[in-house]
Engineer: 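Mind having a look at this structure? Questions to follow.
Computation of the quantities below employed the complete heavy-atom set of this structure, encompassing side-chain atoms and omitting hydrogens, waters and symmetry-equivalent molecules.
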Amino acid sequence: MGRGDQGLPPGHRPVDRARPHVLHRLTRFTGALRLNAAPADQNRLLDLQAIDSKLDQLAHRRRSLPEHAEIEKVTADHTALKDLVVAAEAQKGDTARELTKAEQDVEQVRSRAARNQQRLDSGAITSPKDLENLQHEIGSLAKRQGDLEDVVLEIMERQESAKSRVEELSARLEHSTVVLTEAEGRRDAAFAEIDGEAEKVKRDRETVAAVIPADLLKVYTKLRETQGGVGAARLYQRRCEGCRTEFSITELNAIKAEPADKVVRCENCSRILVRTSDSGV
Ligand SMILES: [Zn+2]
């Protein structure tokens, strides 16, 4: 078939030049496959393809739910907030210990001053030198107490801001927990809906796949793996619906010449090309 082209007058060559090559490719594809299947089984392959594409879409929808990105972001915020709360709590604890220590210092100075004052008031000390020393010490202790009380106030201020920071961060952490739980809830609801639909589609698939001959199914499955999930395509209005290649009249004639139970494959994408009444052949 087709070798007669070589003998055409030179005037026909621009039109027919591609033909021997095209025929060679078509022969190669159908010849190498050596697979026959009843047209009805080939048509069932299109049903199976539609089901598998639906399952792929559902799996894609499951993977690309907007909630995934949202949950990832909220989880990161949540973890960062938890760390900040821990750090703020530690700071709050540090200031509490610092305050206790500073208050003890104040108390120590205060009681020492009180004891000195008592001694002064008791009139027991009569030596002018001792009295002067004692009064001098009382003065120093008052100054020291004032300084230590300033330190206490400064620590109290820091403690207050540490407390507010813990409260503010805890409120934000609580809010992020709510947001996270809510996003996870939406994701799980979407999962349940998608999985429920997938279960129904899988049952349909079992019914359809059960009646397709094993050798045809095997070629289809292998092609689906290598051809982006599409193993069988309809030949529709002279085009391969798998790769959108439009066939020339010459190519269509070659396909048409194949028996109806011959499994034809697209010369461009190698998918199983299923002929239907709309194929234009
Ligand atoms: Zn194709």
Engineer: In plain terms, say whether Arg172 and Asp77 are close enough for a salt bridge, that is, a side-chain N and a carboxylate O under 4.0 Å apart.
Structural biologist: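 No salt bridge links Arg172 with Asp77.
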
Engineer: Same cluster or not: are Met156 and Val109 linked, directly or through other Ile, Leu, Val, Met, Phe, Trp or Tyr residues, by side-chain heavy atoms under 4.5 angstrom apart?
Structural biologist: yes

Engineer: Of all the heavy-atom pairs spanning Ala37 and Leu216, show the shortest one and how long it is.
Structural biologist: CB-CD2, 3.7 Å

Engineer: Are Val230 and Val201 connected in a single hydrophobic cluster, I mean Ile/Leu/Val/Met/Phe/Trp/Tyr linked by side-chain heavy atoms less than 4.5 Å apart?
Structural biologist: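 They do not share one cluster, since no chain of ILVMFWY contacts under 4.5 Å joins Val201 to Val230.
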
Engineer: Is Arg275 reaching over with its side chain to a backbone N or O of Val264, donor-acceptor style, under 3.5 angstrom?
Structural biologist: no

Engineer: Between His68 and Arg187, is there a donor-acceptor pair closer than 3.5 Å when you use the side chain of the first and the backbone of the second?
Structural biologist: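 Side chain of His68 to backbone of Arg187, a donor-acceptor pair under 3.5 Å: no, none is there.
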
Engineer: Using the side chain to side chain donor-acceptor pair (under 3.5 Å) definition, which of the options Asp94, Thr100, Thr95 pairs with Arg97?
Structural biologist: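 It is Asp94, the one option of Asp94, Thr100, Thr95 that forms the side chain to side chain donor-acceptor pair (under 3.5 Å) with Arg97.
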
Engineer: If you define the side chain from C-beta out and look only at heavy atoms, does anything of Thr75 sit under 4.5 Å from Thr79?
Structural biologist: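 Yes, close enough: below the 4.5 Å cut-off.
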
Engineer: For Ser248, is there any backbone N or O sitting under 3.5 Å from a side-chain donor or acceptor partner on Glu251?
Structural biologist: yes

Engineer: Measure the spacing between CD of Glu70 and CD of Glu184 and express it to the nearest 0.5 Å.
Structural biologist: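 That separation rounds to 10.5 Å.
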
Engineer: Looking only at heavy atoms, what is the nearest atom pair of Ala88 and Arg165, with distance?
Structural biologist: CB-CG, 4.1 Å

Engineer: Rounded at 0.5 Å granularity, tell me how far CG in Leu235 sits from CZ in Phe247.
Structural biologist: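 The CZ atom of Phe247 is 6.0 Å from CG of Leu235, to the nearest 0.5 Å.
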
Engineer: Taking atom CD of Glu246 as the centre, report whether more than 12 heavy atoms of other residues, nucleotides or ligands fall under 6.0 Å from it.
Structural biologist: yes

Engineer: Does the pair Glu167 and Ser170 meet the rule for a side-chain contact (heavy atoms from CB on, under 4.5 Å), with working shown?
Structural biologist: CA-CA 5 Å; Glu167 278 166 27; Ser170 302; 5.8 Å; no

Engineer: Counting N and O atoms only, with roles assigned by atom type, does the side chain of Arg186 sit under 3.5 Å from a partner on the main chain of Glu67, one being a donor and the other an acceptor?
Structural biologist: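 It does not hold such a pair.
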
Engineer: Can you get from Val274 to Ile51 by hopping between Ile, Leu, Val, Met, Phe, Trp and Tyr side chains that sit under 4.5 Å apart?
Structural biologist: yes

Engineer: Could you walk me through whether Arg62 and Glu197 satisfy the salt bridge (Lys or Arg N to Asp or Glu O under 4.0 Å) test, starting with their C-alpha distance in whole Å, then the side-chain angles of each, then the deciding distance to 0.1 Å, before giving a yes or no?
Structural biologist: CA-CA 11 Å; Arg62 203 183 196 281; Glu197 196 175 342; over 6 Å; no

Engineer: Any non-hydrogen side-chain atom of Arg265 less than 4.5 Å from a side-chain atom of Leu273?
Structural biologist: no

Engineer: Tell me, do Val86 and Glu89 make a side-chain contact under 4.5 Å, heavy atoms counted?
Structural biologist: no

Engineer: Apply side-chain contact (heavy atoms from CB on, under 4.5 Å) to Arg158 and Ile155, showing your working.
Structural biologist: CA-CA 5 Å; Arg158 277 194 285 125; Ile155 296 169; 3.7 Å; yes

Engineer: Do Gln49 side-chain atoms and Gly231 backbone N/O form a donor-acceptor pair below 3.5 Å?
Structural biologist: yes

Engineer: Does CZ in Arg239 sit with more than 12 non-hydrogen atoms of other residues, nucleotides or ligands closer than 6.0 Å?
Structural biologist: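 Yes, enclosed.
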
Engineer: Nearest 0.5 Å please: distance from the CD atom of Glu160 over to the NZ atom of Lys92.
Structural biologist: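 With rounding to 0.5 Å, CD (Glu160) is 10.0 Å from NZ (Lys92).
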
Engineer: Between Ala209 and Leu48, what is the shortest heavy-atom contact and its length?
Structural biologist: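 Taking every non-hydrogen atom into account, CB-CD1, 4.0 Å.
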
Engineer: In Å and rounded to the nearest 0.5 Å, what is the CZ to CG distance from Arg44 to Leu217?
Structural biologist: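 It is 12.5 Å, given to the nearest 0.5 Å.
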
Engineer: Are Val166 and Leu173 linked, directly or through other ILVMFWY residues, by side chains that come within less than 4.5 angstrom of each other?
Structural biologist: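 The answer is no; the residues belong to distinct hydrophobic clusters.
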
Engineer: More than 12 non-hydrogen atoms from neighbouring residues, nucleotides or ligands closer than 6.0 Å to CD on Glu182, yes or no?
Structural biologist: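 Result for CD/Glu182: enclosed.
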
Engineer: Supply the atom-to-atom distance Glu137 CD to Leu120 CG, rounded to the nearest 0.5 angstrom.
Structural biologist: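 Glu137 CD to Leu120 CG: 11.5 Å, rounded to 0.5 Å.
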
Engineer: Please step through salt bridge (Lys or Arg N to Asp or Glu O under 4.0 Å) for the pair Lys101 and Glu98, ending with a clear verdict.
Structural biologist: CA-CA 5 Å; Lys101 170 80 174 64; Glu98 241 184 293; over 6 Å; no

Engineer: What are the two closest heavy atoms between Asn268 and Cys243, and how far apart are they?
Structural biologist: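 Closest approach of Asn268 to Cys243, heavy atoms only: ND2-SG, 3.1 Å.
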
Engineer: Determine whether Arg205 and Lys54 satisfy the following criterion, side-chain contact (heavy atoms from CB on, under 4.5 Å), listing intermediate values before the conclusion.
Structural biologist: CA-CA 10 Å; Arg205 189 190 194 281; Lys54 176 73 184 165; over 6 Å; no

Engineer: Before giving the answer on side-chain contact (heavy atoms from CB on, under 4.5 Å), spell out for Arg203 and Lys200 the whole-Å C-alpha distance, their side-chain angles and the decisive distance to 0.1 Å.
Structural biologist: CA-CA 5 Å; Arg203 283 197 292 274; Lys200 271 190 276 174; 3.4 Å; yes

Engineer: Within a reach of under 6.0 Å around CD of Glu103, are more than 12 heavy atoms found that belong to other residues, nucleotides or ligands?
Structural biologist: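 For Glu103, atom CD is crowded (more than 12 foreign heavy atoms under 6.0 Å).
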
Engineer: Hey, what do you get for CD (Gln57) to CG (Asp52), rounding to the nearest 0.5 Å?
Structural biologist: 11.5 Å

Engineer: Could you name each residue pair satisfying salt bridge (charged side-chain N to carboxylate O under 4.0 Å, His left out) that touches residues 141-150, not counting sequence neighbours?
Structural biologist: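 Listed by first then second residue: Arg110-Glu149, Lys143-Asp147.
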
Engineer: Restricting to non-hydrogen atoms, name the atom on Gln227 and the atom on Arg271 that form the minimum distance, rounded to 0.1 Å.
Structural biologist: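 Minimum heavy-atom separation between Gln227 and Arg271: O-NH2, 2.8 Å.
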
Engineer: So which heavy atom on Ile125 is nearest to which on Leu134, and how close?
Structural biologist: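 Nearest heavy atoms, Ile125 then Leu134: CD1-CD2, 3.5 Å.
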
Engineer: Output all residues satisfying side chain to side chain contact (heavy atoms under 4.5 Å, CB included) with Asp278, sequence neighbours left out; order by chain, then residue number.
Structural biologist: Arg234, Tyr236, Thr276

Engineer: Taking Ser122 for the side chain and Arg119 for the main chain, is one N or O donor matched with an acceptor at less than 3.5 Å?
Structural biologist: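 Present.
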
Engineer: According to a 4.5 Å side-chain heavy-atom criterion applied to Ile, Leu, Val, Met, Phe, Trp and Tyr, with indirect links allowed, do Leu55 and Leu65 form part of one hydrophobic cluster?
Structural biologist: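 Same cluster: Leu55 reaches Leu65 through Ile, Leu, Val, Met, Phe, Trp or Tyr contacts under 4.5 Å.
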
